[in-house]
Each structure stands twice: as C-alpha cells, then as structure tokens.
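The model shown is predicted, which means the values in this text are computed figures rather than measured ones.
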Amino acid sequence: MRPEPTDSLTGGAAMVSTTRLCTQGSAEPGEPERFGSQRLSWRGNGAIEPPAPVDEERGSLVRAVRSPAVWWAMSAIATAAVLLLAACGGEGGGLGQLFACDGNCLLVQYDECTCDPSDPCGWIGDGFCDVSYCALAVSVYFDDTEDCGLSAACDGSCGRGVFNECTCSTDDPCNWINDGYCDEPQCSVVSPGGTFDDSIDCQGGGGTCDGDCVSQRYSECTCGSSDPCGWANNGRCDQVGCSQVLSSGAFDDSADCSGSQPTGDLTFGVTAVRDDLDNGDLTIMANGLTNLGYASLVRDTNVTTSALTRYLGQNLTLLYHTGHGYDGQVQTADGSISVGSATLNVRHTIFATCLTLVQSWASAFGSSAETVLGYTKVSYDIIDDDVANRFLTALGQGQSPMVAWYLANSPISEVSDRWAGYVNEAGRIVEYSARSGRTPSAPAGFDDLSAVLVPLGRAGNLWVQADLLADSSLFEPSAPEIEMATDDDHRWSFNPGGWDLLGPMRTTRNEAVETARYFVERRLGGMPPDAILETVDEVMAQVEGEAPVIVGYTVSWSRQLNGLPVRGNRVADHVRLLVGPAGVAAWSVYWPELASVPSSVDWEQRLLPVGRAVELAADAISQACKGEVRLIGARPVYGTLGPGSRQSTLVPAYALETSDGAWLVVDALSGRLLR
C-alpha cells in the first residue's frame with residue numbers, strides 16, 4: 001500500500017512530521033572507516049556526521065520522523081538544534097530558514113507559509129519533490145520543478161496523475177505518451193478540445209469500451225461481434241471468457257481457439273491494478289496456467305472493488321491477483337477488499353500482495369473454496385516473477401496449490417518467513433504459515449516511528465534510519481580477487497505424501513537441525529564446507545479459535561565466503577529443508593561451484609559508502625517493495641543474482657536490514673538494487 005502524505009501516513013492514527021537536516025559540503029571528514037573480513041558490524045555514530053563526499057552534489061536530505069504521541073518537548077527541540085548546528089558547520093542562515101514559518105519548516109508541515117511561492121523553507125533544489133504534498137494543502141505554491149521534473153507540471157497534476165485540460169493537452173506536458181497506459185478514455189472526457197496522441201498505448205482499441213479493452217476485461221462491449229479490441233487472431237482464445245458475459249453474438253475467435261480448448265473444467269482468472277508495480281507476474285501466471293490446460297475466464301489489469309468481489313465469487317479453479325495490499329486487505333483501482341467483505345467461491349485464490357494474510361481469511365471461505373494463499377508481511381515486486389514461475393513448475397508436477405506455494409517461496413530468503421495459506425480440510429479451515437518463524441530485528445518501539453527515520457524513494461513507502469544514511473563506512477575487500485560463480489541449477493523436491501507429512505512436532509528445534517543435517521549428508525551429497533546454519537523457522541498450523549501448533553521446521557544453511565555471507569534479492573546460495581514429524585518433507589538446494597579469478601577492474605577504488613549506496617538505490621527499493629519498509633541496518637556481503645542470471649561474478653554489496661527481519665541487497669559499486 002502506498003501511504004499518503006502527512007497524517008494519513010499511519011492510517012490516521014497519528015500525524016507524522018519530518019525534519020530536514022543539512023550537511024555542509026565543505027566539511028573535511030576523515031578517512032572513511034572500512035570493514036575487515038572478520039569485523040562485520042557498522043561503526044556506531046554518536047552524532048550525525050556528514051558522509052564522505054563522492055561528487056559535487058549537495059548534501060543528502062535527512063529527515064527525522066517522530067511519533068506525535070510523544071511530541072517533541074522543548075529539550076528535544078534544543079537537542080535537534082544542536083545537531084543541526086553541528087551538521088551545518090555552525091552556519092546560522094540555514095538553521096534560521098529551517099525554523100521559519102513558526103517552526104513548520106523544521107517540522108515539514110505543508111501549509112500556506114511553507115508552500116509559499118517565495119520558498120521560505122529553502123525546499124527548492126533539496127532533492128525532494130514537494131508538489132504533491134503542497135497541492136493537498138494550498139492551491140498556489142513554489143515551483144519545485146528542479147526536484148520533481150515532469151511531475152511538477154500542470155500545477156502538480158502530472159505528479160498526482162490527475163486528468164484535466166492541462167495534463168491531457170496536445171503537447172503532452174506529463175510525458176504520458178508511450179508510458180504503457182492508455183489515457184484516451186479519461187482525456188477525451190476532460191479535454192474535449194483535443195488531447196495528445198496516445199495511440200501507441202491504446203493500440204488494439206484500448207480507448208474503447210470504457211477502457212475495458214486495455215484492461216483486457218471481458219464485457220458485452222469487448223466481446224461484441226465487431227471485435228472492438230482487435231482480439232481476434234491475437235494468439236489468445238477468448239471464446240470461453242466471452243461466453244460468460246455474452247451468451248451469443250460474440251466476435252469470431254475460432255482462429256485462436258481451434259484445437260486449443262483445454263480438456264476438463266480447469267479455469268482461471270488473473271487480475272491486477274495499474275500502479276507503480278511491474279505486473280509481469282500476471283502475464284507469467286496467465287501463460288503458464290494456459291500451458292497447463294486451464295481456460296482463461298478473467299483477465300482484468302485494472303480491477304475495481306466490485307469487479308474483484310464478483311470474480312472471487314465465481315466458480316473458477318484459480319484466481320491470481322497481484323498488486324498492493326495492507327493488513328487483511330487487497331488494494332483495487334478504486335478502493336480495497338478486506339476480510340469479511342467478500343465471499344470466496346474460487347477454489348484456489350492467490351493474493352500476491354503484502355500483509356493481506358496478516359488476518360485470518362477463514363470466514364471468507366464459500367462452499368467451493370479450498371485454498372487462499374498469500375503473505376503475512378511485506379512482499380517484494382522483484383521476486384514475484386520467480387515465485388510465479390516456481391509455483392507453476394510445482395503445480396505442473398502435480399503438487400497441490402498449498403505445496404506449490406511453499407515450494408515457490410521457501411527458497412527465497414526475503415519471503416521464506418512470510419508465506420501463508422488457508423486450506424479447507426474436511427470443513428475445517430487450517431492456516432499453514434511461517435508467521436512465527438523469525439523475530440524482527442527492530443528494537444521495541446521502532447514500529448511506532450519513535451526512531452529517527454528518513455523518508456526516501458519516489459513511491460513514498462521507504463524509511464531509512466538517519467544513522468544508516470549518514471554512515472560513510474566502506475566495504476573492505478578481504479582478498480585481491482573476485483570469486484567467479486559458475487551457474488548451477490536450482491534443485492528442489494517435495495517428498496511423496498504432500499502436506500500430510502506435516503503434523504504436531506515431538507522433536508525439538510535442535511533435533512530438527514540434526515535430522516536435516518543427516519539428510520544432507522546421506523541424500524544430497526554432503527554439507528558444503530562453507531555452509532553456515534542461518535535460520536530455523538517454525539512452520540505453524542492453526543485452526544480458527546484454537547492455539548497454533550508447530551508442524552514442522554524449515555532449516556536453512558547459507559554460504560559464507562571469506563567471512564562474509566553470500567546474499568541476493570532472489571534465490572541465493574542455500575540448503576533449505578522442511579522437517580516434519582516423519583522426517584524431511586521437502587528440500588531446496590542452490591550451491592554453484594566457485595573459482596577464484598583476478599579482478600578485471602580496479603573495483604576497490606569505485607566502492608560507495610553505505611549511505612551513498614542507499615541513496616542511489618532508494619527509488620528502486622521503494623518501487624520494489626509492496627508495502628512500507630524501514631531500513632535499520634546494513635552489513636557487507638557478496639551479492640549474487642542467483643540461478644539463471646547472466647552475472648558471473650559475486651559483487652561487493654551491502655545487505656540492508658528491514659525492521660521486519662528481511663534483507664535487501666545493493667551493489668556497493670553502483671548503488672544498484674541486485675535483481
């Protein structure tokens with residue numbers, strides 16, 4: 001879910017204010033502290049220091065976020081002033097500017113004063129786009145084009161995605177031509193005098209049928225005999241889907257459907273919302289299910305609340321929805337669907353959205369619903385494609401959707417502790433999950449925004465601990481060579497017996513580890529010498545109204561190279577086993593062979609300090625995360641792109657720790673999010 005500015009950021013429970021701290025570009029910091037291969041902790045910052053400059057850009061924006069429940073006392077204001085004076089080298093001009101507008105510049109409150117065209121707070125050119133925030137508070141505000149680029153055009157309407165005569169004018173001031181979205185239906189209404197030519201995005205009749213063509217939604221219009229969307233002979237059979245909304249008179253799709261009708265009664269639907277996410281996983285899932293013999297009945301790429309509610313109530317075999325989520329909710333194009341607001345008759349529902357299964361969906365099961373799958377914590381756009389592909393592979397091997405969902409997510413560390421599924425077992429709805437498997441690393445109180453945090457990234461959902469952003473420590477190479485990885489296939493298996501192999505555990509956590517270790521030695525060729533035990537996650541089962549029961553343990557080993565872990569944002573080097581009461585129920589291994597080779601570039605001279613790497617990766621991180629993410633720490637690692645990638649080297653990288661126990665890996669040479 002993308003949070004709104006100011007007080008709606010925390011769902012209305014509390015107003016969030018932010019503080020901008022300045023850094024002095026002329027400061028003379030000492031030699032950046034480096035990491036040795038045996039010292040894996042970042043230095044502690046007693047005060048916020050300016051990071052070592054790497055170019056001539058202005059110092060980075062730093063904001064402190066405070067919970068209003070414990071609003072700043074005068075002593076806290078005094079402390080902030082001291083920090084500001086120190087960070088700004090004692091210059092009073094910048095500090096006076098921050099305290100302008102009765103202190104609202106300091107608190108980053110958007111009002112008539114702070115947003116005045118004279119820019120009393122000095123926010124122009126600070127690297128942060130204020131247009132969308134000021135536009136909510138006042139009608140006239142300063143020109144922040146330097147920070148916002150095209151998003152500031154048309155009085156901020158471009159940045160807010162508002163359709164009006166300005167944004168839709170023929171000169172395309174928002175640069176919406178060829179952006180992947182068809183704007184013709186909306187622009188033709190608000191700008192009858194003429195709009196920009198969006199035929200590239202709307203090709204195939206996307207501007208007709210009230211946008212249902214571009215959303216690939218079956219309706220009486222899109223399925224009409226004139227084929228207004230140009231779907232005939234496009235390689236996809238629409239005959240079954242159109243028959244659900246139009247009993248007769250649909251266009252002739254025999255060229256696409258001849259010989260391709262699947263046997264049996266397997267049907268599916270895929271839905272999404274046109275937002276900031278990459279919905280390629282929708283296409284992967286649709287194509288994969290078609291190849292497995294499923295018939296497509298629903299394909300809606302900008303689904304509304306009413307439409308998704310209707311689809312969930314249909315007699316489909318499987319429905320896959322990808323997009324944003326929130327606690328117990330699925331976000332739609334015009335609102336959301338929450339627990340209790342829909343009845344599920346689809347046999348198997350997958351919500352590839354974050355936090356949606358944080359609450360029980362047992363009460364939503366209709367008479368024909370068998371499974372609901374999703375995540376209990378924040379999930380990531382960068383892994384959706386991998387999960388979809390692996391789910392389809394397991395489903396094609398005959399695994400049940402619950403087992404396939406586990407197999408698809410468990411090899412990926414970022415989601416191995418947050419997959420969940422509800423299964424109808426003879427009338428009892430049982431939740432299987434790893435929601436209790438990993439303890440978040442954030443200290444108590446961190447989630448109520450009491451820590452010093454900095455908002456970064458275009459998507460508005462990323463927060464970074466100020467000390468982390470200001471840290472100038474560097475990755476220190478432990479050897480003059482880069483480890484070359486030769487790719488190896490990812491091997492995985494679920495033993496015969498399926499999910500029935502799980503049940504109440506009588507063995508302890510340590511005994512589960514020994515069971516897994518014995519299996520690796522006897523069945524998988526032995527434990528690699530550079531493997532270290534990383535996590536032991538509980539797999540829980542819970543019936544509504546009853547206490548949860550441990551029914552298995554996921555035991556994971558990861559690779560440690562020269563004293564540093566090997567990590568990635570997708571499948572990284574691992575040995576992971578699911579241990580049930582009868583032994584090992586499933587296993588997953590990716591462990592490529594390594595060979596040391598001389599480095600081809602002088603990469604040591606190009607290393608970025610962690611704070612700078614976080615800044616450069618902020619936009620990519622915020623867009624890759626489907627919910628709100630808070631970065632609280634970092635450690636040096638060797639970064640990998642995993643199986644099937646073209647990257648042949650392990651790169652120096654920073655693993656950035658989130659407050660809910662996950663890691664995001666950033667290249668220490670470029671600040672690029674590894675993906």
Side-chain angles (χ1 to χ4, degrees), residues 32-43 51 54 380 382-383 386 412-414 441 456-457 462 464-465 468-469 471-485 487 530 532 534 558-574 590-592 594 596-597 599-622 624-625 629 631-643 645-658 661-675:
E33 191 166 332
R34 293 177 175 270
F35 291 105
S37 60
Q38 302 304 318
R39 187 162 61 85
L40 303 181
S41 62
W42 301 102
R43 63 176 172 85
V54 294
Y380 302 95
I382 52 178
I383 59 93
D386 283 356
I412 305 172
S413 294
E414 285 70 24
S441 301
L456 286 181
L462 176 64
V464 184
Q465 202 166 28
L468 178 62
L469 192 63
D471 204 318
S472 57
S473 301
L474 295 176
F475 180 104
E476 181 178 339
S478 56
E481 298 176 332
I482 294 179
E483 301 292 335
M484 179 73 71
D487 199 10
D530 47 355
I532 58 170
E534 182 178 24
S558 62
R559 189 174 220 145
Q560 183 167 285
L561 184 64
N562 297 326
L564 298 181
V566 175
R567 290 190 179 275
N569 293 320
R570 299 163 74 180
V571 175
D573 303 19
H574 72 274
Y590 174 65
W591 210 271
L594 300 179
S596 297
V597 298
S599 174
S600 59
V601 296
D602 188 11
W603 55 272
E604 182 178 355
Q605 302 303 316
R606 297 165 45 204
L607 288 169
L608 298 169
V610 63
R612 180 59 176 158
V614 172
E615 287 178 348
L616 293 173
D619 284 344
I621 292 174
S622 66
C625 300
V629 172
L631 301 180
I632 63 172
R635 68 179 302 178
V637 299
Y638 286 106
T640 177
L641 291 183
S645 69
R646 295 181 179 180
Q647 176 182 298
S648 59
T649 58
L650 299 178
V651 299
Y654 301 124
L656 309 177
E657 185 181 11
T658 71
W663 297 85
L664 294 166
V665 184
V666 173
D667 191 331
L669 296 171
S670 64
R672 177 176 59 91
L673 183 67
L674 292 185
R675 55 190 305 176

Once you round to the nearest 0.5 Å, how far does [atom1] of [X] lie from [atom2] of [Y]?
X: Arg672; Y: Leu608; atom1: CZ; atom2: CG; answer: 12.0 Å
X: Leu656; Y: Arg635; atom1: CG; atom2: CZ; answer: 12.0 Å
X: Asp471; Y: Arg612; atom1: CG; atom2: CZ; answer: 15.0 Å
X: Ile382; Y: Ile621; atom1: CD1; atom2: CD1; answer: 8.5 Å
X: Tyr380; Y: Ile412; atom1: OH; atom2: CD1; answer: 12.0 Å

Passing option when Leu650 is tested against Val637, Asp573, Leu594 for side chain to side chain contact (heavy atoms under 4.5 Å, CB included): Leu594
Is any side-chain heavy atom of [X] less than 4.5 Å from a side-chain heavy atom of [Y]?
X: Glu414; Y: Cys625; result: no
X: Leu616; Y: Ser670; result: no
X: Ile532; Y: Ser558; result: yes
X: Leu456; Y: Leu631; result: no

Mark yes or no for whether [X], through its side chain, and [Y], through its backbone, hold a donor-acceptor pair below 3.5 Å.
X: Tyr654; Y: Gly611; result: no
X: Arg567; Y: Ala653; result: no
X: Thr640; Y: Gly642; result: yes
X: Asn569; Y: Val665; result: yes

Look at the rings of Phe475 and Tyr638 and say which category their plane angle falls in: under 30° parallel, 30 to 60° tilted, over 60° perpendicular. perpendicular
Please report the shortest heavy-atom distance between Gly671 and Ala617, naming the atom on each side.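 Closest heavy-atom pair between Gly671 and Ala617: O-CB, 3.2 Å.
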Pro636 and Pro565: which non-hydrogen atoms are nearest, and at how many Å?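 Closest heavy-atom pair between Pro636 and Pro565: O-CD, 3.8 Å.
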Applying side-chain contact (heavy atoms from CB on, under 4.5 Å), run through Val566 and Asp530 and close with a yes or a no. CA-CA 10 Å; Val566 175; Asp530 47 355; over 6 Å; no
